[in-house]
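Scroll down for the structure; my scribbles are underneath it.
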Amino acid sequence: MTQGLQNRLTFTSLAFAINGEPIRLQDVSPTLTLLQYLQQSHRTGTKEGCGDGDCGACTIALLSQNAEGQPHYEAVNSCLMPLAALAGREIVTVEGLADARSPHAPLHPVQAAMIETGGSQCGYCTPGFVMSLFAAYYDGKVDDSAIEGNLCRCTGYLSIRRAAQRLTEQLPQPSHNGATRPNLAPQQLDRFTEKLQTEPASELALLSYSGNNQQFYRPSHLSEALELLQQYPNAILMAGGTDLGLEMSHDRQSFPVLISLEAVAELKQIEQTAESVAIGASVPLSQIEAKLKGIFPSLEEMLHWFAARQIRNRATLGGNIGTASPIGDLPPVLLALDAELCLAQHSLAQHNQPVSYRTLPLSSFFKGYRQTDLQPGEVIVSIKIPKAPDSIRRLNYAYKVGKRGTDDISIVAAAFTIDLDSNHQIVLARLAYGGVAATPVRAIAVEQRLIGQPWRLETVQRVKPALREAFTPLTDLRGSADYRKMLVANLFEKFFVETQD
């Protein structure tokens, strides 16, 4: 048994902080969502809109670590966050922005900007907008992407965008020691900047919690996680919880044992070499965005359209793959990039080698609708993506077609990789799609037809009829089968046109 588990104690209370106030809860359900707790404890400034992470009304700011490991505030959906995941952490809600210690304290600049520009009408969505802008304010970048996960049904966005523009005039400026501090009025104590400057970024601690006949574990090392899976083979795994949070938010499923992989050190790394990039399964998507800019165009493009910032701050690559959804945004991208998975399970062979590993091409991972090649007790450790050899020219991009831009399920997602030799001949072709079959899938027969062909419009048009018949998609509320077939072919032609010099 590992040292961490030998010393593990099971607690019946959860400790965290809200707006600087220490909170300790006894015997509460670990899967009670943070939003539900805020409502039950009469912190009603945070609103419930959809309960699905789509509208942003429930946005709060979580004190966390950015891609560089520094403390920062990040906007997250409280409706999708289980309360146990908050253990040892601190959040800020809309009630905590103005300094409650002084009845005459000025409003926070974000609140003041929303008032001055008329950014609130009915006010229901306003707390969510304010908290999204609050997090962006302390990251030093307030723009449209900061509020892409917030919906407003009555005010309209022009006045809210004016508020964001006003905030750009007060953004944190570098100080003499490299730290940042907003240009606030001298009389206002900026508690939030001081916390970021004076408190070190903290790591999530090992947690073993039992409450309301449910158990929640947060191991800090892979061997501990795998040992827990041996002990609880039917446990549910989570990391960011943005998909699983839907079940918790609507009380659709019970979770007797939940194991969070969010703090597992081996799953939180991004390692780059000249040949490849290995992305830990529990690295939040927003950190992947920040650290891998310009390396994989298709991944960068799809991450931009992947839900919204609040979701990307919590969602992980391992989770998006592990759910095996046929309409997951990222599996087509990874299929087109020839990604492979590193999988791990508890080793029964040697005490000094508690973990055994295997690698598996992602193309062999999906076995059927919501079915994968994961073995009992096995977890995804990382996703390895090879880089293009210097000797070839690689064309690579992705597309997502949905009813809405950044915060909707795909009708069809497509990702393409074409490698060309010095004669402009195709030497490798990867055409991957989501939303057209029971699993994310490649058009392998068409790929084979493309090899050796010149990269010209005529070549693309010759394979379009075969692409239209490559899959048998379903008709549903989002689109007909015929529409999806048309998209499969037309998106490939769009890729050709947009990658021409």
Side-chain angles (χ1 to χ4, degrees), residues 1-11 30-31 82 84-85 87-88 203-210 214-245 253-271 278-284 287 314-324 334 339-362 364-367 370-384:
M1 183 174 289
T2 65
Q3 185 71 26
L5 291 180
Q6 283 179 334
N7 297 333
R8 189 181 72 213
L9 296 176
T10 300
F11 297 99
T31 58
E203 292 287 341
L204 292 177
L206 179 73
L207 174 69
S208 178
Y209 170 77
S210 178
Q214 295 174 289
Q215 293 171 280
F216 184 95
Y217 298 101
R218 189 174 65 196
S220 55
H221 295 285
L222 181 59
S223 59
E224 297 168 355
L226 296 175
E227 188 172 340
L228 283 167
L229 271 178
Q230 285 285 309
Q231 186 176 353
Y232 304 105
N234 296 320
I236 302 298
L237 297 177
M238 63 162 279
T242 55
D243 189 66
L244 204 62
Q253 187 177 342
S254 62
F255 302 93
V257 181
L258 199 60
I259 301 174
S260 170
L261 303 177
E262 183 180 4
V264 174
E266 296 90 334
L267 275 59
K268 297 170 62 178
Q269 310 299 318
I270 296 180
E271 298 179 354
I279 305 171
S282 292
V283 177
Q287 293 190 17
R314 295 286 297 164
T316 64
L317 200 54
N320 200 237
I321 295 170
T323 57
L334 299 171
E340 68 176 21
L341 304 179
C342 174
L343 309 174
Q345 63 180 185
H346 183 69
S347 175
L348 301 177
Q350 299 290 334
H351 176 74
N352 60 353
Q353 294 179 338
V355 180
S356 62
Y357 297 90
R358 70 176 175 122
T359 58
L360 181 73
L362 184 63
S364 301
F365 181 72
F366 302 108
K367 297 300 184 183
R370 299 281 187 175
Q371 298 176 351
T372 72
D373 195 56
L374 271 180
Q375 303 303 305
E378 199 168 40
V379 301
I380 302 172
V381 176
S382 63
I383 300 89
K384 184 177 180 180

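The closest side-chain heavy-atom distance from Leu317 to Leu334 is below 4.5 Å. Taking the side chain as every heavy atom from C-beta outward, Gln215 and Leu258 never approach each other to under 4.5 Å. Contact annotation: the side chain of Leu362 never approaches that of Ile383 to less than 4.5 Å [non-hydrogen atoms, C-beta and beyond]. Side chains of Phe216 and Thr31 form no contact here, defined as non-hydrogen atoms less than 4.5 Å apart.
For Gln214 (side chain) and Phe255 (main-chain N/O), a donor-acceptor pair under 3.5 Å exists by modelled atom type. Side-chain atoms of Gln287 do not come within 3.5 Å of backbone N or O of Pro284 as any donor-acceptor pair. The backbone N or O of Ser208 sits nowhere less than 3.5 Å from a side-chain atom of Arg218 that would complete a donor-acceptor pair. Remark: side-chain polar atoms of Glu266 are paired, donor with acceptor, to backbone N or O of Leu222 under 3.5 angstrom. Remark: side-chain polar atoms of Gln269 are paired, donor with acceptor, to backbone N or O of Ala265 under 3.5 angstrom.
Across all their heavy atoms, Glu224 and Ser220 have their closest contact at OE1-N, 2.9 Å. Nearest heavy atom pair, residue Pro30 against residue Pro82, reads O-CB, 3.4 Å. Nearest heavy-atom pair across Leu206 and Pro219 is CD1-CA, 3.5 Å. Minimum interatomic distance between Ser223 and Pro354 (heavy atoms only, all atoms of both residues): CB-CG, 4.1 Å. Across all their heavy atoms, Thr316 and Ala281 have their closest contact at CB-O, 3.2 Å. Pairing each heavy atom of Leu244 with each of Leu237, the nearest pair is CD2-O, 4.2 Å.
Annotation: salt bridge (Lys or Arg N to Asp or Glu O under 4.0 Å) contacts of Arg358 (sequence neighbours excluded): Asp373, Glu378. Residues passing the salt bridge (Lys or Arg N to Asp or Glu O under 4.0 Å) test with Arg314, sequence neighbours excluded: Glu262.
Under a cut-off of 6.0 angstrom, the local environment of NZ in Lys384 is sparse, with at most 12 non-hydrogen atoms contributed by other residues, nucleotides or ligands.
To the nearest 0.5 Å, the span separating CD on Gln345 from CG on Leu343 amounts to 9.0 Å. Rounding to the nearest 0.5 Å gives a distance of 9.5 Å between CG of Leu360 and CD of Gln375. For the atom pair CD1 of Ile380 and OG1 of Thr372, the computed distance is 7.0 Å after rounding to the nearest 0.5 Å. Interatomic distance, CG of Leu374 versus NZ of Lys367, reported as 11.0 Å (0.5 Å rounding). Rounded to the nearest 0.5 angstrom, Leu341 CG and Ser382 OG are separated by 8.0 Å. Rounding to the nearest 0.5 Å places OG of Ser260 at 11.0 Å from CG of Leu228.
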task = Determine, stepwise, if the pair Arg370 / Thr323 fulfils side chain to side chain contact (heavy atoms under 4.5 Å, CB included).
result = CA-CA 7 Å; Arg370 299 281 187 175; Thr323 57; 3.6 Å; yes
